[in-house]
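Down below is the structure, laid out as structure tokens.
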Amino acid sequence: MKASAPGKIILFGEHAVVYGRAAIAVPVSQVGAQAEVSESSRLGIWIDAADVGLHAELSTLPVEDPLAALVHGFCSTFLGKPYPNLHITISSTIPVASGMGSGTAVSVALGRAMAAALGLPISDEQINALAYEIEKLHHGAPSGIDNTVVTYARPVFFTMARPIQTLGVGAPFTIVIGDSGVRAPTRESVGDVRRLWESDRPRWEAVFDQIGRLSQKAREVIESGSWAEMGPLMNENHALLQQLTVSSPQLDRLVARALDAGALGAKLSGGGRGGNMIALVSDGTAAAVAAALKSTGSPRVIITQITPVPTA
Ligand code: PMV
């Protein structure tokens, strides 16, 4: 049985979302993770993930390994012992440690493929909860936005500990995603923001408030279809992320070049320090912005369209 899950980007609100403010994330279907699970006559649970050079039986992997943790978590939650004999194959086109949800997408795809292979009727909510547990291994204390957008594969307006709110998209819009080429673990930038916050809580709470307001405004403009108004909001969000020290010279350079090339707004996306930046473009400027990012050294540029999703 096969299952897949998309990548994702955060449009607004990263970091502030960890402190209870709203954030917006959207799936990116051009990249994704795939998992294939079949019952096997060979003893044990064998995991093949060629992208990361892994071919191992579950019991030989450290329990904190995210793939092993997912399989253990799945089996102990839904099956109990003894574990079935399985063969698992995982592949992904999502760049790792770059804010595109690579680890989460593998968790979601694998959870779904295991459920399908074993004939278990597992809901999105259960998959989301399982993926969140694995996020904790990657990130420490994640907000839960990544697993939510990847599981539901639709734009989300996310606030921690609140019911999931999907986001209506009034009119399609286009985002260019530029990879800085620098891998930066989210755990580190989240930890640094935590230290900053602890050093002067009133100051950083005020910054988180401003970011949260930007997410709220962005929701209005996305829902009403006046997406071009998102541009200045993205620029403001980037400036606030710079204050939080999570940008980098490469990200700033890519943001500046995107704006020079005609983007309506641009910002880093995700944990920062490296990973990706995003730029809002009109149809006429997408190619020019993508070319500008490539010529500034971005090793991977993706153009993605955010389209209205029919309500379930
Ligand atoms: O996984 P990333 O790099 O897109 O970062 C997630 C967003 C943060 O707000 C920085 C962390 C979190 O848990 O929400």
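All values below come from the heavy atoms of this structure, side chains included, with hydrogens, waters and symmetry mates left out. Quick caveat, the model's predicted, so the values are computed rather than measured. Order of appearance sets the numbers: ligands from 1, and atoms from 1 within every ligand.
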Subject >> Cationic N near anionic O, under 4.0 Å, R195 to E198 >> reply: no

Original post:
Looking at D252 and K267, does any basic side-chain N land under 4.0 Å from a carboxylate oxygen?
Top reply: no

Original post:
Is there a donor-acceptor pair under 3.5 Å between the side chain of T77 and the backbone N or O of G73?
Top reply: yes

Subject >> For W197, all residues meeting side chain to side chain donor-acceptor pair (under 3.5 Å), sequence neighbours excluded >> reply: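 Partners of W197 by the side chain to side chain donor-acceptor pair (under 3.5 Å) criterion, ordered by chain and then number, come out as E205.
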
Original post:
In terms of the angle between their ring planes, are Y19 and F208 parallel, tilted or perpendicular, with boundaries placed at 30° and 60°?
Top reply: parallel

Considering only N or O atoms, set out every pair between ligand 1 and the protein closer than 3.5 Å, with distances to one decimal place.
| from | atom 1 | to | atom 2 | distance (Å) |
| --- | --- | --- | --- | --- |
| ligand 1 | 1 (O) | D146 | OD2 | 2.7 |
| ligand 1 | 3 (O) | T186 | OG1 | 2.7 |
| ligand 1 | 3 (O) | G271 | N | 2.8 |
| ligand 1 | 4 (O) | K8 | NZ | 2.7 |
| ligand 1 | 5 (O) | G271 | N | 3.4 |
| ligand 1 | 9 (O) | H15 | N | 2.9 |
| ligand 1 | 13 (O) | S143 | N | 2.8 |
| ligand 1 | 13 (O) | S143 | OG | 3.4 |
| ligand 1 | 14 (O) | S143 | OG | 2.5 |

Subject >> Distance, nearest 0.5 Å, that separates CD1 of I175 from CD1 of I306 >> reply: 6.0 Å

